[in-house]
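Here's the structure, in structure tokens; my notes come after.
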Amino acid sequence: MSKPPRILLTGFTPFDNQEINPSWEAVHALDGKHVGDHLVVSRLLPTAFADSQHELESMVREFEPSILLGVGQAGGRSRLSIERVAINVQDARIADNAGAQPIDEAVVADGPAAYFSTLPIKAMLKALLDEGLPAEVSNTAGTFVCNHVAYLMLHIAASHRGMRAGFIHIPYLPAQAVHVSNAPSMSKNDVVKGLSIALEVAVTRSMDERFAAGTLD
Ligand code: PCA
């Protein structure tokens with residue numbers, strides 16, 4: 001029997017003095033689920049520039065996924081934040097979990113300045129909003145480890161026929177937001193539901209929709 005096509009779904013370890021990372025909490029809950037004919041393989045990446053790259057590359061070798069979806073915490077954001085773009089920059093405001101703090105270094109030397117997500121971001125956005133889940137298209141994944149991993153996923157996908165990739169940032173969980181005044185949060189249930197909806201759209205749609213979701217700032 002041939003193996004089902006796989007989705008590699010990644011979350012991150014806690015960073016910046018947090019005890020949990022909501023990305024791993026949510027991603028982990030989807031491990032082994034089926035989305036259409038695809039099998040979800042959830043894996044944990046370290047919040048560290050160099051190690052996340054090595055681990056991501058070996059996961060892609062091991063699972064040969066057709067879809068890569070990275071998920072990361074963006075404390076302060078209020079919505080499921082579907083990233084449109086990843087840039088070829090590492091500019092770390094804080095040290096990563098391995099103590100590295102690259103400043104203005106490329107993710108991939110001689111790589112393109114940026115990659116656009118190859119998942120149908122507007123169709124994903126519409127499906128999430130239709131389900132009553134707060135979501136948005138974001139035009140920056142930052143310049144820390146999440147952008148790094150998003151860029152690497154798209155760089156890897158660019159050299160594998162049929163492989164597509166994207167990234168979603170998620171808010172704090174309520175348990176984290178209680179410690180930060182005015183911080184928005186989203187329940188794990190809603191994040192898990194949102195990620196499975198986003199994956200379903202990614203699996204079933206190769207063409208995106210066309211409607212405005214841009215910003216003026
Ligand atoms: N968020 C960080 C890195 C790991 C995570 O979950 C970021 O946005 O870069």
Side-chain angles (χ1 to χ4, degrees), residues 8-31 42-57 59 68-108 111 114-117 119 121 134-156 165-177 179-180 183-188 190-192 194-195 198-199:
L8 177 61
L9 181 66
T10 65
F12 285 99
T13 55
F15 68 105
D16 199 18
N17 300 317
Q18 295 289 319
E19 280 171 17
I20 55 169
N21 190 319
S23 66
W24 177 240
E25 305 294 317
V27 155
H28 184 49
L30 291 167
D31 189 33
S42 300
R43 287 293 180 272
L44 178 64
L45 287 172
T47 301
F49 286 95
D51 293 345
S52 63
Q53 174 162 8
H54 298 140
E55 298 204 13
L56 174 65
E57 286 168 354
M59 287 170 193
L68 308 173
L69 181 65
V71 182
Q73 162 187 315
R77 292 199 193 176
S78 59
R79 291 170 169 256
L80 296 171
S81 203
I82 307 161
E83 300 296 348
R84 188 199 298 264
V85 61
I87 60 176
N88 194 9
V89 172
Q90 311 172 51
D91 187 3
R93 183 174 54 76
I94 56 172
D96 71 12
N97 286 358
Q101 191 170 4
I103 295 174
D104 296 350
E105 291 177 24
V107 177
V108 175
Y115 283 108
F116 288 121
S117 172
L119 299 181
I121 57 169
E136 65 191 354
V137 165
S138 158
N139 296 301
T140 175
T143 54
F144 194 49
V145 180
C146 286
N147 172 74
H148 177 77
V149 163
Y151 185 95
L152 289 168
M153 285 180 163
L154 286 159
H155 186 70
I156 292 168
F167 198 94
I168 296 181
H169 264 119
I170 63 173
Y172 284 137
L173 291 178
Q176 296 175 285
H179 302 297
V180 191
S185 63
M186 190 178 284
S187 73
K188 179 177 157 182
D190 280 354
V191 177
V192 171
L195 292 178
L199 286 177

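Residue numbers run from 1 in the order of the sequence given. Please read these numbers as outputs of a predicted model, since none were measured by experiment. Atoms within each ligand, like the ligands themselves, are counted from 1 in listed order.
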> By side chain to side chain donor-acceptor pair (under 3.5 Å), which residues pair with Gln18, not counting sequence neighbours?
Replying inline: Gln176
>> Donor-acceptor pair, distance only, cut-off 3.5 Å: does the side chain of Thr13 make one with the backbone of Pro46?
In response: no
> Hey, does the side chain of Asn88 reach the backbone of Val108 with a donor-acceptor pair shorter than 3.5 angstrom?
Replying inline: yes
> Does the side chain of Ile87 reach to within under 4.5 Å of the side chain of Thr143, using non-hydrogen atoms?
Replying inline: yes
>> Once salt bridge (charged side-chain N to carboxylate O under 4.0 Å, His left out) is applied, what residue pairs with a partner in residues 83-96 remain, sequence neighbours excluded?
In response: Arg77-Glu83
> Measuring from each atom of ligand 1, which residues have a heavy atom under 4.0 Å away?
Replying inline: Phe12, Phe15, Asn21, Thr47, Gly72, Gln73, Phe144, Val145, Cys146, His169
> Who pairs with Arg79 by salt bridge (Lys or Arg N to Asp or Glu O under 4.0 Å), at least two apart in sequence or on another chain?
Replying inline: none
